[in-house]
Amino acid sequence: QVQLVESGGGLVQAGGSLRLSCAASGRTFIVYTMGWFRQAPGKEREFVAAIGSSGGRTYYADFVKGRFTASRENRKNTVYLQMSSLKPEDTAVYYCAARSGGNAYSREYAYWGQGTQVTVSS
């Protein structure tokens, strides 16, 4: 069982930056691929980014490439999403998720956090 708690969301102006954190419980954090998803009002939850268990591989949705960076500190059981050049369309609730293997891009993650709101004003 893994519990995930996101933090770091907030209100930022367009062009600004935020860093989201996701703290995980459990001793097996290192084995999980960690993903970031977002859901805007009236829209489906969509993949944003993911990072492999060792941190050696990262995956990004096209709309965040070059702007967002996923990273992790396994000794702290924490994964991060550094978001830069934020746009109003990035406004959403951001969720972190954990899975063991499989397609990092899919929504079939085993564990999910409660989400953190990111609002980008124009």
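- A distance-only check finds a donor-acceptor pair linking the side chain of Glu6 to the backbone of Gly115 [under 3.5 Å].
- A donor-acceptor pair is defined here as one N or O able to donate and one able to accept, closer than 3.5 Å; such a pair exists between the side chain of Thr116 and the backbone of Gly9.
- Under a hydrophobic clustering in which Ile, Leu, Val, Met, Phe, Trp and Tyr are joined whenever their side-chain heavy atoms come within less than 4.5 Å, directly or via other members, Val5 and Val93 fall into different clusters.
- Between Tyr105 and Tyr59, the distance separating the two ring centers is shorter than 6.0 angstrom.
- Within the 4.5 Å cutoff, no side-chain heavy atoms of Met34 are placed close to those of Arg99.
- Expressed to the nearest 0.5 Å, how far CG of Asn74 lies from OG of Ser53 amounts to 7.5 Å.
- Minimum interatomic distance between Tyr109 and Ala50 (heavy atoms only, all atoms of both residues): OH-CB, 3.7 Å.
- Put simply, the residue from Thr91, Val12, Leu11 that forms a side-chain contact (heavy atoms from CB on, under 4.5 Å) with Ser121 is Leu11.
- How far CZ of Arg19 is from OG1 of Thr69: 11.5 Å, rounded to the nearest 0.5 Å.
- Each disulfide (SG to SG under 2.5 Å) pair with one or both residues in residues 67-118, not counting sequence neighbours, appears once here: Cys22-Cys96.
- Contact check for Leu86 versus Leu18: side-chain heavy atoms found under the 4.5 Å cut-off.
- Judged by distance alone, with hydrogens and angles left aside, the side-chain atoms of Tyr60 form no donor-acceptor pair with the main-chain N or O of Arg67 at under 3.5 Å.
- Every residue two or more places apart in sequence or in another chain that forms a side-chain hydrogen bond (donor to acceptor under 3.5 Å, both in side chains) with Arg38 is listed here: Glu46, Asp90, Tyr94.
- Annotation: Gln3, atom CD; neighbour count of heavy atoms from other residues, nucleotides and ligands within 6.0 Å does not exceed 12.
- Checked against the 6.0 Å centroid threshold, Trp112 and Phe37 count as a close aromatic pair.
- Looking only at distances, no side-chain donor or acceptor of Arg72 sits under 3.5 Å from a matching main-chain atom of Lys76.
- Here the straight-line distance linking atom CH2 of Trp36 with atom CZ of Phe68 works out to 11.0 Å at 0.5 Å rounding.
- One hydrophobic cluster, built from ILVMFWY side chains closer than 4.5 Å, holds both Val64 and Val118.
- Of all non-hydrogen atoms in Ala40 and Ala92, the two that sit nearest each other are N-CB, 3.8 Å.
- Between the side chains of Tyr95 and Gln114, no donor-acceptor pair is found at a separation under 3.5 Å.
- Between Ser21 and Thr78, the shortest heavy-atom contact is CB-CG2, 4.4 Å.
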>> Please evaluate residues Arg57 and Thr33 with respect to the criterion side chain to side chain donor-acceptor pair (under 3.5 Å), reporting the C-alpha separation (whole Å), side-chain torsions for both, the decisive distance (0.1 Å), and the verdict.
In response: CA-CA 10 Å; Arg57 292 197 66 178; Thr33 292; over 6 Å; no
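- For the atom pair CD (Glu89) and NZ (Lys43), the distance works out to 8.5 Å, reported to the nearest 0.5 Å.
- Phe47 and Met83 sit in two unconnected hydrophobic clusters of ILVMFWY residues. Membership requires side-chain heavy atoms under 4.5 Å apart, directly or through other members.
- Summarising the geometry of Thr58 relative to Ala70, their closest heavy-atom pair is CG2-O, 3.9 Å, with the distance given to 0.1 Å.
- Under the 4.5 Å side-chain heavy-atom criterion for Ile, Leu, Val, Met, Phe, Trp and Tyr, Ile51 and Val31 are members of the same hydrophobic cluster.
- The cluster map of Ile, Leu, Val, Met, Phe, Trp and Tyr, joined by side-chain heavy atoms under 4.5 Å apart, puts Tyr111 and Leu20 in the same cluster.
- Annotation: side chain of Ser71 is not in contact with side chain of Gln82 (no heavy-atom distance under 4.5 Å).
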